[in-house]
Amino acid sequence: MPKRTTKKNSTTTLKQSKQPDGPPERNFFEDVWDVVRLIPKGRVSSYGAIANYLGTRMSARMVGWAMNASFHAHIKVPAHRVVNRNGMLSGKHHFSTPTLMQELLEKERIQVKDDTVVNFEKLFWDPAKELGL
DNA sequence: TTGTTGACCTCTT
DNA sequence: CAAGAGGCCAACA
């Protein structure tokens with residue numbers, strides 16, 4: 001397989017991606033929020049897993065942005081259950097308090113050691129796997 | 001309007 | 001084994 005010529009199509013300016021008639025509430029963010037909301041209590045997930053479930057594993061970055069927007073969302077999103085691939089609480093600093101994320105996790109019987117979820121592999125909740133892809 | 005940054009992940013050198 | 005670069009889409013300056 002030839003390596004992907006990541007040339008980035010500069011000509012694909014894309015369209016406005018804004019449909020005047022279509023439902024505007026169909027963003028990448030809402031999908032992320034929906035998946036995160038489905039995360040059972042006491043479980044944790046990763047950005048990559050969610051992105052993969054959505055179909056774009058490369059867009060893991062956007063998942064993080066979605067979390068940031070989750071605070072502005074009208075829906076309650078357990079962003080503390082989402083961590084990076086290493087199980088580290090990367091976004092703890094973005095909470096109201098840097099320790100809030102850890103506190104919330106501990107409240108759900110999730111042990112956090114050194115900003116890292118203990119037994120992350122066991123507590124890991126893969127949407128594509130649990131939801132059946 | 002363009003350009004840069006961002007709670008990431010994966011491959012390559 | 002460690003470090004670097006590439007890629008995704010959206011918000012902010």
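All heavy atoms count here, side chains included; hydrogens, waters and symmetry mates do not. Note on naming: letters A, B, ... go to the chains in the order of the sequence lines (proteins, then strands), and numbering restarts at 1 for each one.
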Participant: Just do the side chain to side chain donor-acceptor pair (under 3.5 Å) check on A:Q102 and A:H80 with the steps written out, would you?
Facilitator: CA-CA 8 Å; A:Q102 183 171 339; A:H80 60 275; over 6 Å; no
Participant: Could you work out which one of C:dA10, B:dC9, B:dA7 sits closest to the side chain of A:A79?
Facilitator: B:dA7
Participant: Could you give the CE-to-P distance, from A:M62 to B:dT5, as a whole number of Å?
Facilitator: 15 Å
Participant: Could you state the CG-P distance from A:D31 to C:dA10, rounded to the nearest angstrom?
Facilitator: 12 Å
Participant: Which residues in residues 34-45 of chain A have a heavy atom closer than 4.0 Å to any atom of DNA chain B?
Facilitator: none
Participant: Output the rounded distance in Å from NE2 (A:H80) to C1' (B:dA7).
Facilitator: 14 Å
Participant: Quickly work out the A:F29 CZ to C:dA10 P distance and round it to whole Å.
Facilitator: 7 Å
Participant: Report the distance from atom CG of A:N86 to atom P of B:dC9, rounded to the nearest whole Å.
Facilitator: 7 Å
Participant: Closest approach to the side chain of A:S59, judged atom by atom: which nucleotide of B:dA7, C:dC9, B:dC9 is it?
Facilitator: C:dC9
Participant: Rounded to whole angstrom units, what separation is found between the CZ atom of A:F124 and the C1' atom of B:dC9?
Facilitator: 12 Å
Participant: Atom CD in A:E130, atom OH in A:Y53: separation rounded to 0.5 Å?
Facilitator: 11.5 Å
Participant: Please produce a list of atom pairs where a protein N or O lies less than 3.5 Å from an N or O of nucleotides 3-5 of chain C.
Facilitator:
none

Participant: Starting at CD1 of A:I110, measure out to CZ of A:R81 and round the result to the nearest 0.5 Å.
Facilitator: 7.5 Å
Participant: Would you mind telling me which of C:dC8, B:dC9, B:dA7 lies closest to the side-chain atoms of A:N84?
Facilitator: B:dC9
Participant: Taking A:M62's backbone N and O only, do any of them form a donor-acceptor pair with A:S59's side chain (distance below 3.5 Å, no angle check)?
Facilitator: no
Participant: Can you tell me how far C1' of B:dC8 sits from CZ of A:F28, to the nearest Å?
Facilitator: 12 Å
Participant: Kindly say whether A:A128 contributes a backbone atom to a donor-acceptor pair with the side chain of A:D126 at under 3.5 angstrom?
Facilitator: yes
Participant: Between A:N119 and A:K122 (side chain of the first, backbone of the second, donor and acceptor by atom type, cut-off under 3.5 Å), is there such a pair?
Facilitator: no
Participant: Specify the separation, in whole Å, of atom NZ of A:K92 and atom P of B:dG6.
Facilitator: 17 Å
Participant: Taking DNA chain B as the partner, which of residues 95-121 of chain A come within under 4.0 angstrom of it by heavy atom?
Facilitator: A:F95
Participant: Give the nucleotide from the list B:dA7, B:dC8, C:dA10 with an atom nearest to the side chain of A:R61.
Facilitator: B:dC8
Participant: By nearest atom, which of the nucleotides B:dA7, C:dA10, B:dC9 is closest to the A:W65 side chain?
Facilitator: C:dA10
Participant: Expressed as a whole number of Å, how far does the C1' atom of B:dA7 sit from that of C:dA3?
Facilitator: 22 Å
